[in-house]
**Student:** 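Provided herewith is a single structure, encoded as structure tokens, for subsequent inquiry.
For the numbers below, each heavy atom of this structure counts, side chains included, while hydrogens, waters and symmetry mates do not.
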Amino acid sequence: MEKRLNVEALEPNAYKAMMGIVGYLQTTALSNVHKHFISIRASQINGCAHCLNMHTKEALNNGITQQRIFLLSAWKDTNLFTEDEKSILALTEEVTRISEHGLSDAVYKKAVELLGENYVAQAIMAIVAINGWNRIAVSTNLAI
């Protein structure tokens, strides 16, 4: 891949603002497992090798099994994930693919029912953040 611009070097204030969201997410009630699943699943959908590499390593270091990581893209077809995790993954997929069908009432209502409004708001912010990072990394050919 051809080397492209470095957003952090060229626009440090924008990069700092993105890091502010990362800092905010560290203060939320979101579980580490949910944060890892959001980051990995959105990065799979967006084809972001840089973020997949980073977040799968972090997930492994935080005790998430290889089997669960390997099966994230097929989460609907396995019993390895809890109802809360499935809800987070459904929310992640629909928000990441927002232009296709929006966020369905069924996925939204299920998430709020299982997790509560504040937790869902925090999850949406985590999904928005990783999608932003994916877009930066993919558009600038950020290396692994």
Side-chain angles (χ1 to χ4, degrees), residues 1-100 103-104 107-144:
M1 289 190 320
E2 181 180 318
K3 186 175 179 175
R4 293 186 178 170
L5 61 85
N6 180 322
V7 171
E8 183 178 10
L10 293 169
E11 292 295 333
N13 289 334
Y15 196 86
K16 184 178 176 182
M18 288 292 293
M19 290 304 293
I21 295 172
V22 171
Y24 153 76
L25 291 170
Q26 293 172 350
T27 70
T28 67
L30 290 173
S31 74
N32 283 334
V33 171
H34 288 173
K35 286 190 269 191
H36 290 308
F37 285 174
I38 288 167
S39 294
I40 295 167
R41 186 65 190 120
S43 298
Q44 288 173 332
I45 292 166
N46 291 322
C48 184
H50 176 82
C51 293
L52 277 168
N53 185 54
M54 176 182 8
H55 294 295
T56 55
K57 284 180 183 177
E58 290 172 351
L60 288 167
N61 289 337
N62 282 286
I64 297 175
T65 66
Q66 289 180 355
Q67 183 183 31
R68 284 167 45 93
I69 293 170
F70 295 157
L71 290 171
L72 268 176
S73 64
W75 63 269
K76 294 175 189 171
D77 301 319
T78 177
N79 61 2
L80 291 177
F81 302 96
T82 68
E83 285 304 306
D84 287 0
E85 291 166 347
K86 289 179 179 182
S87 184
I88 286 290
L89 289 164
L91 190 68
T92 300
E93 288 185 1
E94 288 197 4
V95 173
T96 298
R97 295 179 173 131
I98 200 89
S99 67
E100 292 177 17
L103 174 58
S104 70
V107 167
Y108 171 79
K109 287 177 183 177
K110 178 79 172 200
V112 169
E113 176 187 315
L114 288 171
L115 305 165
E117 285 185 334
N118 281 63
Y119 200 90
V120 170
Q122 294 168 6
I124 289 171
M125 290 307 300
I127 298 163
V128 167
I130 191 58
N131 274 279
W133 287 116
N134 288 165
R135 281 151 178 76
I136 292 167
V138 171
S139 63
T140 62
N141 287 341
L142 195 59
I144 293 178

**Student:** Apply the side chain to side chain contact (heavy atoms under 4.5 Å, CB included) test between Arg41 and each candidate in Leu91, Thr92, Asn46; give the one that qualifies.
**Tutor:** Thr92
**Student:** Give me the atom names and distance for the closest heavy-atom approach of Ala126 to Leu30.
**Tutor:** CB-CD1, 3.8 Å
**Student:** Report yes or no: does Asn131 contribute a side-chain atom to a donor-acceptor pair with the main-chain N or O of Ile127 at less than 3.5 Å?
**Tutor:**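 Between the backbone of Ile127 and the side chain of Asn131 there is a qualifying donor-acceptor contact (under 3.5 Å).
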**Student:** Do Leu115 and Ile88 come within less than 4.5 Å of each other through their side chains, counting heavy atoms only?
**Tutor:**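 Sidechains of Ile88 and Leu115: in contact.
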**Student:** From Leu10 CG over to Leu5 CG, what is the distance, rounded to the nearest 0.5 angstrom?
**Tutor:**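 Leu10 CG to Leu5 CG: 5.5 Å, rounded to 0.5 Å.
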**Student:** Supply the atom-to-atom distance Lys35 NZ to Gln26 CD, rounded to the nearest 0.5 angstrom.
**Tutor:** 6.5 Å
**Student:** What are the two closest non-hydrogen atoms of Gln122 and Leu25, and how far apart are they?
**Tutor:** O-CD2, 4.0 Å
**Student:** Are the side chains of Gln44 and Ile40 in contact, using a 4.5 Å heavy-atom criterion?
**Tutor:**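 Side-chain contact under 4.5 Å: yes.
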**Student:** Can you list the steps and then say if Lys110 with Glu83 is a side-chain contact (heavy atoms from CB on, under 4.5 Å)?
**Tutor:** CA-CA 10 Å; Lys110 178 79 172 200; Glu83 285 304 306; 4.0 Å; yes
**Student:** Do the side chains of Phe37 and Ile64 get nearer than 4.5 Å, heavy atoms only?
**Tutor:** yes
**Student:** Minimum heavy-atom separation for Asn6 and Glu8, please, with both atom names.
**Tutor:**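 Between these two residues, the closest heavy atoms are OD1-N, 2.9 Å.
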**Student:** Taking C-beta and beyond as the side chain, do Asp84 and His34 meet within less than 4.5 Å on heavy atoms?
**Tutor:** yes
**Student:** Has Thr27 got a side-chain atom pairing as donor or acceptor with Tyr24's backbone, closer than 3.5 angstrom?
**Tutor:** yes
**Student:** Check whether more than 12 heavy atoms from other residues, nucleotides or ligands sit under 6.0 Å from atom CZ of Phe81, and answer yes or no.
**Tutor:**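 It does: Phe81 CZ has more than 12 such atoms within range.
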**Student:** Rounded to the nearest 0.5 Å, what separates atom CD1 in Ile130 from atom CD1 in Ile38?
**Tutor:**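 Interatomic distance, Ile130 CD1 to Ile38 CD1, rounded to 0.5 Å: 9.5 Å.
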**Student:** Quick check: closest heavy atoms across Ser87 and Ala111, and the distance to 0.1 Å?
**Tutor:**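 Heavy-atom minimum between the residues: OG-CA, 3.1 Å.
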**Student:** Would you say that Arg68 contacts His36 through its side chain, given a criterion of any heavy-atom pair below 4.5 Å between the two side chains?
**Tutor:** no
**Student:** Just to verify, what does Tyr15 make a ring pair (Phe, Tyr, Trp, His ring centres under 6.0 Å) with, not counting sequence neighbours?
**Tutor:**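 Partners of Tyr15 under the ring pair (Phe, Tyr, Trp, His ring centres under 6.0 Å) test: Trp133.
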**Student:** What's the shortest heavy-atom distance between Gly47 and Val138, and which atoms?
**Tutor:**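 Residues Gly47 and Val138, closest heavy atoms: O-CG2, 4.0 Å.
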**Student:** Identify the heavy atoms of Ser43 and Ser39 that sit nearest to each other, and give their distance.
**Tutor:**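 Smallest interatomic distance, heavy atoms only, reads OG-O, 2.7 Å.
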**Student:** Is there a donor-acceptor pair closer than 3.5 Å between any side-chain N or O of Asn141 and the backbone N or O of Arg4?
**Tutor:** no
**Student:** Hey, could you give me the CG/NE2 distance between Leu72 and His55, rounded to the nearest 0.5 Å?
**Tutor:** 13.0 Å
**Student:** Between NZ of Lys57 and CD1 of Ile69, what distance do you get to the nearest 0.5 Å?
**Tutor:** 12.5 Å
**Student:** Kindly compute the distance separating CG (Leu142) from CD1 (Ile136), expressed to the nearest 0.5 Å.
**Tutor:** 9.5 Å
